[in-house]
2 protein chains.
Amino acid sequence: MTERDVLALRTDADEETCRRVLQVLARVGDKWTLLVIGTLREGTMRFGELHRAVTGISQRMLTLTLRQLERDGLVGRTVHPSVPPKVEYALTELGRTLLGTALQLAWWAADHIDEIEANRRDYDSALSPAGD
Amino acid sequence: MTERDVLALRTDADEETCRRVLQVLARVGDKWTLLVIGTLREGTMRFGELHRAVTGISQRMLTLTLRQLERDGLVGRTVHPSVPPKVEYALTELGRTLLGTALQLAWWAADHIDEIEANRRDYDSALSPAGD
DNA sequence: CCGCATCCATTTGGATACTG
DNA sequence: CAGTATCCAAATGGATGCGG
């Protein structure tokens, strides 16, 4: 698969494949996915641990995010039939390969965040001439 | 910056930095950003060309996406003061470095999309026992 | 040609209350 | 403890019409 097949999504490319790939990228880029995957990097965690570890996530969104990840086969879910219930989550092999790739992007972001924020300041101050 | 600083967002990490990095990842992961950047890979394009090249994008979203990318310094915008107006867009150096990193993720998605979709089918059929 | 403003439908996500 | 269900607010994004 070539670059243009993956990212271009031109009318004359294989749109079907592009759509499927983009769908995965959208999933990865949503508000909580990378945070949850990144948190599970350290090993198996219980629902409550994850909830405390991922600052700001609601119970609802943690549940939804974990369900998506489980459905995609990126995270495994183990229920221990005890009272009270105990449910553990861990990255699968597939999940670990994604983590590696996602970290590259995170590093890019970390490397360039200062430049990006400087660009934003320039852009904004050029629009609001305040003291010009 | 370590892995945990970038992705973990634990309560005891540098939340401020994490939030800023995540903000960039969210931008990259939104519906149109990678598509536009990927399309500009080939070189300078006019607004109308982009609009035709990125299948399915509305004029409004193309404008908004380009503004964001311009503000972040990922895309440059050149206005030719002619009649009718002619506006050209091109990746900046920063934009090109992002393209390289983003392609890694796109390739990961392309490599694993079949496995992910198979996982989804398994998951869904395990939930709806239909003929079980 | 480029793109902004308005209106509106859909989606997303948080707060809360409730169940096994 | 680990979810599910409901309600509601905010963000997202398309369609359309206007303006430089």
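First the proteins, then the strands, lettered A, B, ... as listed; each starts at 1. The analysis underlying the following values was restricted to heavy atoms, covering all of them including side chains, and did not include hydrogens, waters or symmetry mates.
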Tell me the interatomic distance from A:L62, atom CG, to C:dG14, atom P, rounded to whole angstroms. 11 Å
Can you name the residues that form a ring-ring contact (aromatic ring centres under 6.0 Å, His included) with A:H51, not counting sequence neighbours? none
Taking the nucleotide of DNA chain D with the closest heavy atom to each, which residue, A:Q59 or B:D30, is nearer the 5' end? A:Q59
Are A:K31 and C:dG14 close enough that a side-chain N or O sits under 4.0 Å from OP1 or OP2? yes
A:W32 atom CH2 is separated from C:dT12 atom C1', nearest whole Å, by 12 Å
Let me spell it out: for each of B:L66 and A:S58, pick the nucleotide of DNA chain C with the closest heavy atom. Which residue's pick is nearer the 5' end? B:L66
Are A:W107 and A:L103 close enough that some pair of their side-chain heavy atoms sits under 4.5 Å apart? yes
Determine whether A:Q104 and B:W108 make a side-chain contact, defined as any pair of heavy atoms from C-beta on separated by less than 4.5 Å. no
So which nucleotide from C:dT6, C:dG13, C:dG3 ends up closest to the side chain of B:R60? C:dT6
A:R67 CZ to C:dG13 P: how many Å, rounded? 17 Å
Check the pair B:L74, A:N119 against side chain to side chain contact (heavy atoms under 4.5 Å, CB included), reporting the backbone distance first and the verdict last. CA-CA 9 Å; B:L74 298 166; A:N119 289 335; over 6 Å; no
B:H51 NE2 to C:dC1 C1': how many Å, rounded? 13 Å
Mind calculating the distance between CG (B:L64) and C1' (C:dT6) to the nearest angstrom? 13 Å
I'd like the 5' and 3' limits of the part of DNA chain D contacted by chain B, with heavy-atom contacts below 4.0 Å. D:dG13 to D:dG20
Check the phosphate of C:dC2 against B:R77, side-chain N and O only, distance under 4.0 Å to OP1 or OP2. Yes or no? no
With side chains defined as the heavy atoms from C-beta onward, is the minimum distance between A:I57 and A:M61 less than 4.5 Å? yes
Got A:E88 and A:R77 here, is their nearest side-chain heavy-atom distance under 4.5 Å? no
